[in-house]
Number of protein chains: 2
Amino acid sequence: MAQQNTSSAGRLRPNNRKPLILNAAVMNTPSHVSPGLWRHPTNHSAEYTNLKYWTDLAQRLDDANFHTLFITDSLGSFDVYKGPHNAGPAIESGAQFPINDPLLLVPSMAAATTNLVFGVTASVTYDHPYSLARRFSTLDHLTNGRVAWNVVTSFLTSAARNHGLEEQIEHDERYRRADEFLDVTYKLWEGSWRDDAVTKNIQSGQYANSDLVQEIHHRGKYFKVPGPHVCEPSPQRTPFIFQAGSSKAGKDFAAKHAEAVFVGSQLPELVRPTVDAIKSTAQEKYGRDPNHIKVVVSISVIVAETDEAATRKRDELLSYGNIEGALTLFGGWTGIDMSKYSDDEDFRFVNDYAIRSVLDKWSSTVPGSENLPWSKKRIAEYIMLGGYGAKVTGSPETVVNELERWIEIGGVDGFNFGSITVPGTFDDLIKFVLPVLKERGWLRADIEKDKEGATAREVFLGTPRLTEDHPGHRYTWARDGDRPVFPSNTE
Amino acid sequence: MAQQNTSSAGRLRPNNRKPLILNAAVMNTPSHVSPGLWRHPTNHSAEYTNLKYWTDLAQRLDDANFHTLFITDSLGSFDVYKGPHNAGPAIESGAQFPINDPLLLVPSMAAATTNLVFGVTASVTYDHPYSLARRFSTLDHLTNGRVAWNVVTSFLTSAARNHGLEEQIEHDERYRRADEFLDVTYKLWEGSWRDDAVTKNIQSGQYANSDLVQEIHHRGKYFKVPGPHVCEPSPQRTPFIFQAGSSKAGKDFAAKHAEAVFVGSQLPELVRPTVDAIKSTAQEKYGRDPNHIKVVVSISVIVAETDEAATRKRDELLSYGNIEGALTLFGGWTGIDMSKYSDDEDFRFVNDYAIRSVLDKWSSTVPGSENLPWSKKRIAEYIMLGGYGAKVTGSPETVVNELERWIEIGGVDGFNFGSITVPGTFDDLIKFVLPVLKERGWLRADIEKDKEGATAREVFLGTPRLTEDHPGHRYTWARDGDRPVFPSNTE
């Protein structure tokens, strides 16, 4: 399996390695993917309602030269397990519930840091593009451009019901609506104000030149927004766009809109086709340079001085786990209510293809583990150590060797490190993994004083504004460019 | 006119005066009510996109023992002047445009201060109660309860059009919808989680007791929200409620829901009936203790060492004004497009009752001024010095005498000081007015160390939670109280 891919972008040439993207993933809730672990001594996640918990975390990551603090979100409860519509197990375990608004954390964390980028999840399904565009423009101003938007369409029925719908909008329809949503926001962000519209002319008293601000006249299938955008141009205009769709419609959406995509998989060999498909769709269907889409894989790391110590650490972490909470997450992600099965069920043999196919994937991560029974407990423990995605436990060298497999074989540009404990997981990465990555030439150089405070897009793509091949760019109204034209109706 | 009202609450007994409420009013925009003044040397409002501008302002007000920083908001442009649907004059002058989201400023300002309360305007007309409840619960957590919500229903057609409507929802219908909106949020904030639902049980791993969290099953005319609330109990549960309705429906809404109301008028004699009407409606129609509604009047102060110096300061401020911007605000507030009139029109004699009645009120503030012509320029200058509301220019003694008239005759509990320049206006208040207020016994005492960081409701009403007579209180689920019952349908 150790196939080498040295040709592509010269990834394995020492001293000339493309620096990895290092993201830290968290959620504004007591337990992101590790229910019960809020009790662990290295976990302060139950202090999520306290602003200082967040600014301390941001400073720690900024000092360690992480690229991004990533805050995922959810708008309802995981209510499939022991359901339907039963939030009880989520409430008991604190599994992604309760959950506070992530956007409100960002300005304070930005003020407490110099370079860290803040990636924030916001759903397009229950919001309006005119309002959300204002929120992100405000964040882009207050953070001096250090903000990224993770576009999601929300998958929880409980979120739909609490927003007044009887059931969710159909999956692909959600993505069609999302596509128009982004089109509206691009028009507002890129094309409503010319770059130099704000004049602040002390003599004449003119704040902005109204000839350089225009309405967008959007009349689509889902939205009518005449404009103009209510915010003046912010550093990035369009916030840097993250996306994580894994369905066919989601991948197509990512290929069109994303400037960075999250992918998830158990093995680098399995993720490579997804990476290649997104990049080739971007190139062939949407005419984009595939290098303008950074690929970040979610991975959960348990690391200690030696492989043995790491295994002991894993067991110690698991001793704090809440199995019911983990099965609650499993229910929300898969739609499968595990309470219908007995505790001694071996799920390798259940008459449910969906379960078996998930477990087959999970088994593939540990050679030989196909022969181990999958009990509820083992399923729960798998989730507690980093959710659905890739995992590695071991010494610094073991971990970095595995990360390199993801780079070489998976073709990813970096990692979205999950948090089993906060800040414990990140402290371990900083202490054990980053030094080895540095030694092997994978870390970005320390940021020079005069390059501090770069915008998110500069950090990821080296430019402050949407690249020319991005679908939002056709609306960009540059100082020396033409006034963008908006199709009057996008239906 | 100097009628005394010494009996009510013993307001004029020296050394036993009820401390005034001191609010500072601003907006997340270059020009709140004083277009053109962003150029004044004491005005930093054009730095509104910079977080430090806000934390500096908050610290200054906190140090001076102000009660509240109040951030008003607007969701569209003032587009009546030279309209219809013409945002041009607002863009040129920066008159409440552009305008950024106010909520995102609050956590950083709270972290930078100890006692200051943050009152934030949020409209219920284009938002959903489930989402807005989460945003305010998050703010209440992050500020440790130092947040107040100014409930508005939005009055700008441009806001309606940008949210996909052809025209605004009819005025009284907006208030009926707002009434149900608040009912939903009370259920979520007060009744979905029992006070002690979060157990954080280290032994069992229970984060919260699901028996103490319930759905709200709201099915009304406008909203369907099953719940439960997605946030755990915050310090105040329901944020302290401000309201500023001046219409019949708005005053009725205030009498029912508000814990503090903003009133606006030119003269204390004119505001008194409004204050009395709100309090008596609260008492008679809604069974509330009228003392549980604090009344704050908007006022704009220009103060200097002497009356003459203050007049000179006023003229100097006006020399920075932007007349077009002020007429833009006038158009948005009144619906009247002044561009249809010539520059030398004397508006005392125009054939438009709406204009004449506004100007009659304005004239009443300065005895004898009825005989001065109202030109466009004079109308604009009136607005630039504090908008529609009350104004006073003079020495510290002149100003405080006038403030005392508002307390005695108007029956108000305090002031919402408008900002002509920021922080200039507040610096002047701190330097000139507060010492005289202190001398006369009107200021609250310095806050003792052990009473620092009180919640908004403790500051205004002396209690952290909704009082028993408030309509939200019937949903309150206290540790030792009954489980609240929700009517299954509020239609």
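The sequence lines fix the lettering, A, B, ..., with proteins before strands; numbering per chain opens at 1. The shown structure was predicted, so the numbers you read here are calculated from the model rather than taken from an experiment.
- Contact annotation for A/Asn322: only side-chain heavy atoms (C-beta onward) come within less than 4.5 Å of a heavy atom of chain B.
- Judged by distance alone, with hydrogens and angles left aside, the side-chain atoms of B/Arg39 form a donor-acceptor pair with the main-chain N or O of A/Gln203 at under 3.5 Å.
- Of the two parts of B/Thr55, neither the backbone nor the side chain holds a non-hydrogen atom closer than 4.5 Å to a non-hydrogen atom of chain A.
- The backbone N or O of A/Pro98 sits nowhere less than 3.5 Å from a side-chain atom of B/Glu232 that would complete a donor-acceptor pair.
- Heavy-atom minimum distance, B/Cys231 versus A/Asn100: SG-OD1, 3.2 Å.
- Counting all heavy atoms, side chain and backbone alike, B/Asp73 lies closest to A/Arg134 at OD2-NH2, 2.7 Å.
- Contact of A/Glu215 with chain B is made through the side chain alone, with heavy-atom distances under 4.5 Å.
- Pairing each heavy atom of A/Asn50 with each of B/Leu142, the nearest pair is C-CD2, 4.3 Å.
- Among the candidates A/Lys224, A/Gln206, A/Arg135, A/Glu92, the residue making the largest number of heavy-atom pairs closer than 4.5 Å to chain B is A/Glu92.
- Only the side chain of A/Ala87 has a heavy atom closer than 4.5 Å to any heavy atom of chain B.
- For the set A/Gly76, A/Ala112, A/Gly205, A/Ser158, the entry with the most heavy-atom pairs within less than 4.5 Å of chain B is A/Gly205.
- A/Asn201 touches chain B through its backbone: at least one of N, CA, C or O sits under 4.5 Å from a heavy atom, while the side chain does not.
- The most heavy-atom pairs under 4.5 Å with chain B, out of A/Ile202, A/Asn144, A/Leu139, come from A/Ile202.
- For A/His128, the part lying under 4.5 angstrom from a heavy atom of chain B is the side chain only.
- Using cut-offs of 30° and 60° on the angle between ring planes, the pair A/Tyr130 and B/His163 is perpendicular.
- For chain B, no part of A/Leu165 is nearby; none of its heavy atoms comes within less than 4.5 Å.
- In this structure, no portion of B/Leu212 lies under 4.5 Å from any heavy atom of chain A.
- Under the 3.5 Å distance criterion, the side-chain polar atoms of B/Asp101 are left unmatched by any main-chain donor or acceptor of A/Thr138.
- Between B/Arg219 and A/Glu166 there is a salt bridge, since a side-chain N of the basic residue sits under 4.0 Å from a carboxylate O of the acidic one.
- The part of B/Ser74 that comes within reach of chain A is its backbone (N, CA, C, O), which places non-hydrogen atoms under 4.5 angstrom from that chain.
- Proximity of B/Phe97 to A/Pro228: side-chain heavy atoms (C-beta onward) are separated by under 4.5 Å at one or more points.
- Counting heavy atoms from C-beta outward, B/Leu104 and A/Leu103 have side chains that approach closer than 4.5 Å.
- Side-chain atoms of A/Asn162 never come within 3.5 Å of backbone atoms of B/Val225 as a donor-acceptor pair (strictly under, hydrogens ignored).
- The minimum heavy-atom distance between B/Pro30 and A/Tyr207, with the atom names listed, is CG-CZ, 3.4 Å.
- Residue A/Ser234 does not touch chain B at all, counting heavy-atom pairs closer than 4.5 Å.
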